[in-house]
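One structure is given below, encoded as C-alpha cells.
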Amino acid sequence: MYLEYGPIKIWLEADEIGITNITFVKEKPKNIPLTPLMEQHLNLAKKELMAYFSGNLISFNVPLHFTCGTDFQQNVWQELQKIPYGQFRNYQDVAIAVNSPKAQRAVGQANRRNPIPIIVPCHRVIGKNGALTGYSGSGEEGLVIKKFLLNLEQLKKIGD
C-alpha cells in the first residue's frame, strides 16, 4: 500500500500477522494481491500513520511482524519502540538498554536495517553529540526525512 505525506513517500507491506516492511520509495509501486487480513493491517497502518503525520497520534497500535534481523537487531527494534514520542536517545543509550554497552555501531547497523521505520522509531536515535546521523541507510534524502519526523514530533510536543 502506498502512502505519501510531505517529503515522505512510503510503501507498506504486511502479512497475516502484521506490518512487515515500510520502504521509502520515489514513486508508487504496483499494487500486489492482498488477503483480507493483510488489507486490514495495511489500512490500520495507513490510518495511524496519517494521524501521526497530522500530529494526532503519538503511539502506534498496528500489529508488527519482524521477518528478518538477528536476535540483537530485533532486540534493538523492540527497544526503539520504548523511546517516547518527542524524545531522543543516542546510540550508546540504546546499546546499554539492550545489555551491550559497547555495541553502539551495531545499534547503528540495526537502525539502518530497521524494516519498519517511523512505526519503529529509529529516527529518535541521534549521535551522542546531538548530531543527526543517517536515516534508513540513505544519505541526504534520509536526513531530510529524519529532520522532518523529529521536527514533527517537537512541534506537536511544544503545541500541547
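No hydrogens, no waters, no symmetry mates; every other heavy atom, side chains included, goes into these values.
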Spacing of [atom1] belonging to [X] relative to [atom2] belonging to [Y], to within rounding of 0.5 Å:
X: Arg113; Y: Cys68; atom1: CZ; atom2: SG; answer: 10.0 Å
X: Leu80; Y: Ile119; atom1: CG; atom2: CD1; answer: 13.5 Å
X: Leu149; Y: Tyr52; atom1: CG; atom2: OH; answer: 4.5 Å
X: Ile32; Y: Met1; atom1: CD1; atom2: CE; answer: 10.5 Å
X: Asn43; Y: Met38; atom1: CG; atom2: CE; answer: 12.0 Å
X: His41; Y: Leu12; atom1: NE2; atom2: CG; answer: 13.0 Å

Taking all atoms of both residues into account, what is the closest heavy-atom pair of [X] and [Y], and its distance?
X: His123; Y: Glu153; answer: NE2-OE2, 2.8 Å
X: Ala110; Y: Gln73; answer: CB-CG, 3.8 Å
X: Leu57; Y: Tyr85; answer: O-CE1, 3.8 Å
X: Trp77; Y: Gly69; answer: CH2-CA, 3.7 Å
X: Pro115; Y: Phe66; answer: CG-CD2, 3.9 Å
X: Ala95; Y: Ala103; answer: CB-C, 3.9 Å

query: Which is it for Val76 and Val94 under the side-chain contact (heavy atoms from CB on, under 4.5 Å) test, yes or no, and what are the steps along the way?
result: CA-CA 7 Å; Val76 168; Val94 177; 4.1 Å; yes
Note: with side-chain heavy atoms under 4.5 Å as the link, the other cluster members for Leu37 come out as none
Apart from Ile96 itself, members of its ILVMFWY cluster (side-chain separation under 4.5 Å) are none
- request: Report yes or no: do Val25 and Ile145 belong to one cluster of Ile/Leu/Val/Met/Phe/Trp/Tyr joined by side chain heavy-atom distances under 4.5 Å?
  value: no
Exercise for the section: Verify the cluster assignment for Ile58 and Leu64: are they in a single hydrophobic cluster under the rule of side-chain heavy atoms below 4.5 Å apart? Expected result: yes
Side chain proximity check, Ile118 to Phe24, heavy atoms < 4.5 angstrom = yes
request  = Show the numbers, then the answer: is there a side-chain contact (heavy atoms from CB on, under 4.5 Å) between Tyr91 and Ile126?
outcome  = CA-CA 7 Å; Tyr91 295 94; Ile126 60 175; 5.8 Å; no
Where the side chain of Arg124 meets the backbone of Gln87, is there a donor-acceptor pair that is under 3.5 Å apart? no
**Asked** Are the side chain of Asn151 and the backbone of Gln154 linked by a donor-acceptor contact shorter than 3.5 Å?
**Response** no
Is it the case that the side chains of Glu4 and Tyr2 hold a donor-acceptor pair, with the cut-off being a distance below 3.5 Å and no angle test?
yes
In Leu3, Ile8, Ile116, Asn114, the residue satisfying side-chain contact (heavy atoms from CB on, under 4.5 Å) with Ile22 is Ile116
Under the side-chain contact (heavy atoms from CB on, under 4.5 Å) rule, what do Val125 and Phe88 come out as? Steps first, then yes or no, please.
-> CA-CA 6 Å; Val125 181; Phe88 313 112; over 6 Å; no
Donor-acceptor pairs under 3.5 angstrom involving side-chain atoms of residues 44-51: please list them, not counting sequence neighbours.
from	atom 1	to	atom 2	distance (Å)
Glu48	OE1	Asn61	N	3.0
Glu48	OE1	Val62	N	3.1
Glu48	OE2	Asn61	N	3.2

For Glu13, the side chain to side chain contact (heavy atoms under 4.5 Å, CB included) test, sequence neighbours excluded, returns Trp11, Thr20, Asn21
Residue pairs passing the salt bridge (Lys or Arg N to Asp or Glu O under 4.0 Å) test with at least one member in residues 77-106, sequence neighbours excluded, are Glu79-Lys82
Here the side-chain hydrogen bond (donor to acceptor under 3.5 Å, both in side chains) pairs for residues 25-35, sequence neighbours left out, are Glu16-Thr35, Lys26-Glu141
